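Since the structure comes first, as structure tokens, the remarks are kept for the end.
On a predicted model such as this, the values are computed, not experimentally measured, just so you know. Just so you know, these numbers use all the heavy atoms, side chains as well, and skip hydrogens, waters and symmetry mates. Chain identifiers are assigned alphabetically (A, B, ...) following the order of the sequence lines, protein sequences preceding nucleic acid strands; residue numbering begins at 1 within each chain.
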Protein chains: 2
Amino acid sequence: MKLDDLYSELTIRTGAKLVLLVLDGLGDVATPDQGGRTPLEAAQTPNLDRLARESALGRMIPVAPGITPGSGPGHLALFGYDPVEYQVGRGVIEALGLGVDLQPGDVCARANFATLDANGIVTDRRAGRIPTEVCERLCARLQERIHQLEDTRVIIRPGKEHRFVVVFRGPGLEGPLTDADPNREGLPIPEAAPRDPANPRQQKMARLIRAFYQAALPVLAGEKPANGFLMRGIAHQPHIPLFQDRYQLRAAALAVYPMYKGLAQLVGMTKLEGPQNVREQFERYLAEYDNFDFFFIHHKATDKAGEDGNFEAKKRAIEEVDAALPVLLQKKPDVLAITGDHSTPCAMRGHSWHPQPVLLHSRYSGTDGAQRFTEAEANRGSLGIFEARFLIRLMQANARMFDKFGA
Amino acid sequence: MKLDDLYSELTIRTGAKLVLLVLDGLGDVATPDQGGRTPLEAAQTPNLDRLARESALGRMIPVAPGITPGSGPGHLALFGYDPVEYQVGRGVIEALGLGVDLQPGDVCARANFATLDANGIVTDRRAGRIPTEVCERLCARLQERIHQLEDTRVIIRPGKEHRFVVVFRGPGLEGPLTDADPNREGLPIPEAAPRDPANPRQQKMARLIRAFYQAALPVLAGEKPANGFLMRGIAHQPHIPLFQDRYQLRAAALAVYPMYKGLAQLVGMTKLEGPQNVREQFERYLAEYDNFDFFFIHHKATDKAGEDGNFEAKKRAIEEVDAALPVLLQKKPDVLAITGDHSTPCAMRGHSWHPQPVLLHSRYSGTDGAQRFTEAEANRGSLGIFEARFLIRLMQANARMFDKFGA
């Protein structure tokens with residue numbers, strides 16, 4: 001029996017309210033240059049401290065030991081899906097990040113404008129990093145000329161600088177294809193080919209990519225330096241069991257950035273638009289309290305500060321959440337989990353594999369004698385170190401959503 | 001997707017230097033008769049203490065909860081191979097331990113001299129534990145008479161007392177076979193039979209074992225008490241993916257004892273011969289620093305002391321490593337892991353299942369506020385308790401050898 005089936009079989013609806021508060025990239029490592037402290041240790045967090053004293057703590061492995069996740073796998077794990085089993089292509093993530101309202105079956109590609117010489121050889125894979133305005137103008141022109149290929153709608157959406165995405169919406173499409181990208185300069189653009197050559201849906205998709213190149217390259221012919229483009233991560237939106245079916249929870253997403261809204265939408269959560277900061281997110285939670293059972297609240301600033309290697313900014317991003325926390329606690333949920341989707345240590349200026357700390361609070365969570373919510377306190381917590389995909393199961397258990405297994 | 005495939009897909013070569021320092025049987029348990037301390041706690045280890053303050057700590061389950069590994073599974077796990085999936089027959093381990101230079105396809109059997117009565121009934125399974133000199137003489141005589149059976153070379157190598165190994169090197173051979181050993185006295189020697197009766201390679205191997213008995217028993221006919229022998233663990237060297245292919249690391253082994261050299265060779269590491277103690281091993285590491293990416297350094301004395309139940313000797317064996325550590329740190333590797341292949345608690349006088357402590361040091365390991373490298377400090381470490389086979393993945397992560405997974 002698969003464990004997920006067991007969980008499903010034991011699940012009971014209880015009407016409990018569950019909140020998953022994600023401080024993106026929350027975890028960090030203590031390094032000598034910051035006096036051996038992490039941002040969580042350095043931050044003034046009276047509200048989190050009080051909560052930590054009444055909670056169970058632990059740490060979570062985002063995917064598997066040593067693996068650094070992107071936002072996609074990091075969040076899928078938090079939503080309870082095995083991120084190795086449910087892989088989301090980069091094209092899909094990029095499209096979500098640009099706010100494209102993806103539909104089941106859509107195939108997405110991330111694309112770069114590039115420079116080609118007279119023989120079609122790639123001389124600059126990023127077209128000199130053209131300004132975003134140029135990218136927007138070129139994408140608009142491409143979209144104007146190319147709406148449809150065979151029976152398939154084509155949606156072109158500009159990103160930052162040389163980046164854009166192309167979404168193919170039509171019947172019988174599937175990825176993944178190999179990249180239409182030589183991965184270095186001095187070579188022509190290879191054709192995107194089916195990863196599984198026998199798959200007719202991938203064959204059709206490869207044909208559409210060829211047709212897209214045939215239609216698009218002439219449109220760009222006079223452009224300098226962006227007279228070509230590369231396409232990567234060509235894949236369809238994977239089939240992911242819906243959150244509500246899987247957990248018997250009506251879920252809402254309170255995220256500011258499109259990518260996190262998109263990831264929540266991927267599993268069928270309802271996007272609640274409007275709030276622009278964590279205090280507004282908490283206020284919206286209060287307003288929507290009766291309408292949902294599960295609230296995913298996403299705070300981006302911690303990750304951004306970590307990516308910048310900005311210790312002080314990461315500390316402040318944590319303090320911002322702490323200061324707003326009393327708003328959330330005006331209607332204390334039955335189960336509250338506070339964690340990250342991964343660590344983004346300032347010392348690494350990027351995501352990492354280090355297990356993120358997690359705080360789990362409910363009437364039944366127990367307490368661990370912790371005085372604060374920090375990585376070091378979490379090391380000693382009763383939750384131990386576990387795979388992030390099990391957090392939601394612990395939340396459900398704390399919501400008394402599981403029947404006893406066996407007599 | 002298999003996790004190992006994901007790791008492979010994400011692996012990048014970085015030129016980083018990684019060192020795995022194994023204090024064999026390092027872990028221990030605190031017992032009242034030693035004042036509730038472990039050898040690591042009792043030892044004077046100023047260098048390890050300093051390192052511990054700058055490292056991440058944890059404990060590792062060698063195979064699975066409660067399972068006590070031999071040296072084979074213990075080391076395979078440290079080398080990143082699932083020891084339940086990659087099982088190495090006892091014959092192979094014994095042959096490696098006796099320094100036989102095994103080749104792919106070799107089938108090995110561990111053998112005991114035994115006493116048979118006139119009817120071929122086993123009356124002493126260990127031939128009265130004959131002296132090693134007698135064993136050596138008998139093996140030499142057998143080897144003189146039996147070089148070849150059919151198209152297969154036969155290599156006979158004496159061990160301690162009544163023990164020896166037989167290696168069959170020829171085309172189309174495979175194990176495992178059932179044992180040619182009644183497992184108790186009073187019965188005749190059973191024939192070794194294919195575990196999979198339909199496997200023609202195992203059938204050939206069973207025929208060769210029969211032929212070996214037919215040739216060897218007459219040679220021993222006049223001997224007392226060693227007029228017979230039993231053969232067990234008849235198996236071939238398993239197919240194990242090569243370390244270098246799997247991790248993109250050129251690996252060297254610095255071990256004094258043949259078994260550990262052999263285990264390293266089994267996964268394709270280069271043996272560096274010569275050093276006879278840990279200081280010499282560290283010096284050789286310095287000399288070979290540029291030639292390899294990964295160094296496996298094996299120290300045996302901790303395990304030996306544990307097997308003898310000699311707390312003081314185990315403490316001294318740890319202190320010997322500590323005293324030599326500054327030599328290693330003259331060229332500090334990018335990633336340094338110090339651990340055991342399992343615990344060998346003095347109170348148990350043998351290997352055990354208790355998770356061994358591990359220290360992981362790199363620029364990105366972070367620190368756990370530990371003051372010393374001990375079992376109790378390791379319990380509070382940020383690495384938590386994890387399966388030993390993931391250590392190498394954490395080492396690779398700390399060497400920044402993994403691309404981000406997903407966007």
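- Neither the backbone nor the side chain of A/Glu375 comes within contact range of chain B; no heavy atoms are under 4.5 Å apart.
- Taking chain B as the reference chain and counting heavy-atom pairs below 4.5 Å, the highest number among A/Val29, A/Thr31, A/Ile67 is found for A/Ile67.
- Most heavy-atom pairs under 4.5 Å with chain A: of the set B/Met401, B/Met395, B/Arg380, B/Lys2, this distinction falls to B/Arg380.
- A ring-centre distance under 6.0 Å is found for A/Phe296 and A/Phe79.
- Here the rule is side-chain contact (heavy atoms from CB on, under 4.5 Å) with B/Leu249, and of B/Phe295, B/Phe243, B/Phe292 only B/Phe243 fits it.
- Contact check on A/Asp49 versus A/Arg372 returns a salt bridge, with a Lys/Arg side-chain nitrogen under 4.0 Å from an Asp/Glu carboxylate oxygen.
- Heavy-atom distances place no part of B/Leu391 under 4.5 Å from chain A, backbone and side chain included.
- One side chain, A/Asp368 or A/Ser382, offers a donor N or O that lies under 3.5 Å from an acceptor on the other.
- Scored by the ring pair (Phe, Tyr, Trp, His ring centres under 6.0 Å) test, A/His162 finds no partners at all (sequence neighbours excluded).
- Per-residue heavy-atom pair counts under 4.5 Å with chain B were compared for A/Glu94, A/His354, A/Glu85, and the maximum is reached by A/His354.
- Interface remark: A/Ala347 contributes backbone atoms only to the contact with chain B (heavy atom separation under 4.5 Å).
- Because its NZ or CZ atom is both nearer than 6.0 Å to the ring centre of B/Tyr81 and within 45° of the ring axis, B/Arg246 counts as a cation-pi partner of that residue.
- Looking at B/Phe402, only its side chain comes within 4.5 Å of chain A, counting heavy atoms on both sides.
- For A/Pro83, the parts sitting under 4.5 Å from any heavy atom of chain B are the backbone and the side chain alike.
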